[in-house]
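In the text below, chain A, chain B and the rest are named by the order of the sequence lines, each starting its count at 1.
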Amino acid sequence: MVNKAVILRVEKTLSLVPEGYVISYGYLADLSGLPGRARMMGKCLQEIEVDCNWHRVLRADGKIAFPVGSARADEQRIRLVSEGVNVKNGRVNMKKFAWSPDLHTILFELKY
DNA sequence: CACGTGACATACC
DNA sequence: GGGTATGCCACGT
């Protein structure tokens with residue numbers, strides 16, 4: 001189990017990620033006021049509402065975190081492609097599609 | 001208390 | 001590009 005406060009923070013951050021963009025686990029943690037806790041993001045995503053933007057979360061190198069060919073990986077790829085994010089060999093070009101707002105601005109707005 | 005593990009990241013070779 | 005090492009934090013053994 002993950003703290004409910006943490007879950008809420010991550011849900012809030014995910015709600016800010018625009019359609020057509022993606023974000024890494026590490027930066028998601030940073031924006032949620034939890035620097036260095038990338039590994040915790042995965043735990044959170046297993047407990048978060050299915051309606052969140054979980055499919056926009058990728059590894060820092062742009063790869064989908066699930067094993068290639070798995071049902072989850074396929075669903076994530078389909079969702080990303082359907083909103084305009086190119087997925088080639090289970091990987092996304094982070095230079096093009098990564099959502100990278102100013103960290104401090106977000107932290108200030110969310111009061112973390 | 002010491003490890004091992006995990007939807008991870010970074011640095012270095 | 002791949003492979004190893006280390007840092008990170010929560011949990012289970």
CG (A:N53) and CD (A:E11) are apart, to the nearest 0.5 Å, by 10.5 Å
If I pick the C1' atom on B:dG6 and the same atom on C:dG7, what distance separates them, to the nearest angstrom? 14 Å
Run the side-chain donor-acceptor check on residues 57-73 of chain A: report pairs under 3.5 Å with partners two or more places apart or on a different chain.
from: A:D61; atom 1: OD1; to: A:K63; atom 2: N; distance (Å): 3.0
from: A:S70; atom 1: OG; to: A:P67; atom 2: O; distance (Å): 2.7
from: A:S70; atom 1: OG; to: A:A73; atom 2: N; distance (Å): 3.3

Rounded to whole angstrom, note down the P distance from C:dG1 over to B:dT10. 15 Å
The criterion is side chain to side chain contact (heavy atoms under 4.5 Å, CB included); which residues satisfy it with A:D51, sequence neighbours excluded? none
List every contact pair, protein side and nucleotides 11-13 of chain C side both N or O, where the distance is under 3.5 Å.
from: C:dC11; atom 1: OP1; to: A:M1; atom 2: O; distance (Å): 2.6

Can you list, by residue number, the residues of residues 92-100 of chain A that have a non-hydrogen atom closer than 4.0 angstrom to DNA chain B? none
Span that lies between the P atom of B:dC12 and that of C:dC8, in whole angstrom: 16 Å
Residue pair A:I7, A:N3: steps toward the side-chain contact (heavy atoms from CB on, under 4.5 Å) verdict: CA-CA 6 Å; A:I7 297 289; A:N3 294 329; over 6 Å; no
Per the under-4.0 Å heavy-atom filter, residues of residues 9-26 of chain A near DNA chain B come out as A:S24, A:Y25, A:G26
Length of the line joining A:K4:NZ and C:dA10:P, which is rounded to integer Å: 20 Å
With sequence neighbours left out, which residue pairs that include part of residues 100-111 of chain A fulfil the side chain to side chain donor-acceptor pair (under 3.5 Å) condition? A:D102-A:T105
When rounded to the nearest 0.5 Å, the distance separating CE of A:M40 from CG of A:L45 is 12.0 Å
Using residues 26-34 of chain A as the side-chain source, report each donor-acceptor pair under 3.5 Å to any protein atom, sequence neighbours left out, with the distance given to one decimal.
from: A:Y27; atom 1: OH; to: A:P101; atom 2: O; distance (Å): 2.5
from: A:S32; atom 1: OG; to: A:T13; atom 2: OG1; distance (Å): 2.9
from: A:S32; atom 1: OG; to: A:L28; atom 2: O; distance (Å): 2.7

Taking a hydrophobic cluster as the set of Ile, Leu, Val, Met, Phe, Trp and Tyr residues connected by side-chain heavy atoms closer than 4.5 Å, whether directly or through intermediates, do A:I78 and A:Y21 fall within one such cluster? no
May I ask whether A:L110 and A:L14 are part of the same hydrophobic cluster, defined by side-chain heavy atoms of I, L, V, M, F, W, Y residues being less than 4.5 angstrom apart, directly or through others? yes
Pairs under 3.5 angstrom only: tabulate donor-acceptor contacts from the side chains of residues 88-97 of chain A to other protein residues two or more places apart or in another chain.
from: A:N93; atom 1: OD1; to: A:K95; atom 2: N; distance (Å): 2.9
from: A:N93; atom 1: OD1; to: A:K96; atom 2: N; distance (Å): 3.4

Once you round it to whole Å, what is the distance between C1' of C:dA10 and CE of A:M40? 6 Å
If I take atom SG from residue A:C44 and atom CZ from residue A:R9, how far apart are they, to the nearest 0.5 angstrom? 11.0 Å
Euclidean distance, atom NZ of residue A:K43 to atom P of B:dT5 [Å, nearest integer]: 13 Å
I need the residues from residues 46-61 of chain A with at least one non-hydrogen atom less than 4.0 Å from DNA chain B; give them sorted by number, or say none. A:Q46, A:W54, A:R59, A:A60
Taking atom CH2 of A:W99 and atom CD1 of A:I23, what is their separation to the nearest 0.5 Å? 6.0 Å
Whole-Å distance, A:R72 CZ to B:dA7 P, equals 12 Å
Give me the distance, rounded to whole Å, that separates B:dC1 from C:dG12 when you measure between the C1' atoms they each carry. 14 Å
List the residues meeting side chain to side chain contact (heavy atoms under 4.5 Å, CB included) with A:E19, not counting sequence neighbours, and say none if there are none. A:R56, A:E83
I'd like to check the side-chain hydrogen bond (donor to acceptor under 3.5 Å, both in side chains) partners of A:S82; sequence neighbours left out, ordered by chain and number. none
Tell me: OH of A:Y27 to P of C:dC8, nearest whole Å? 21 Å
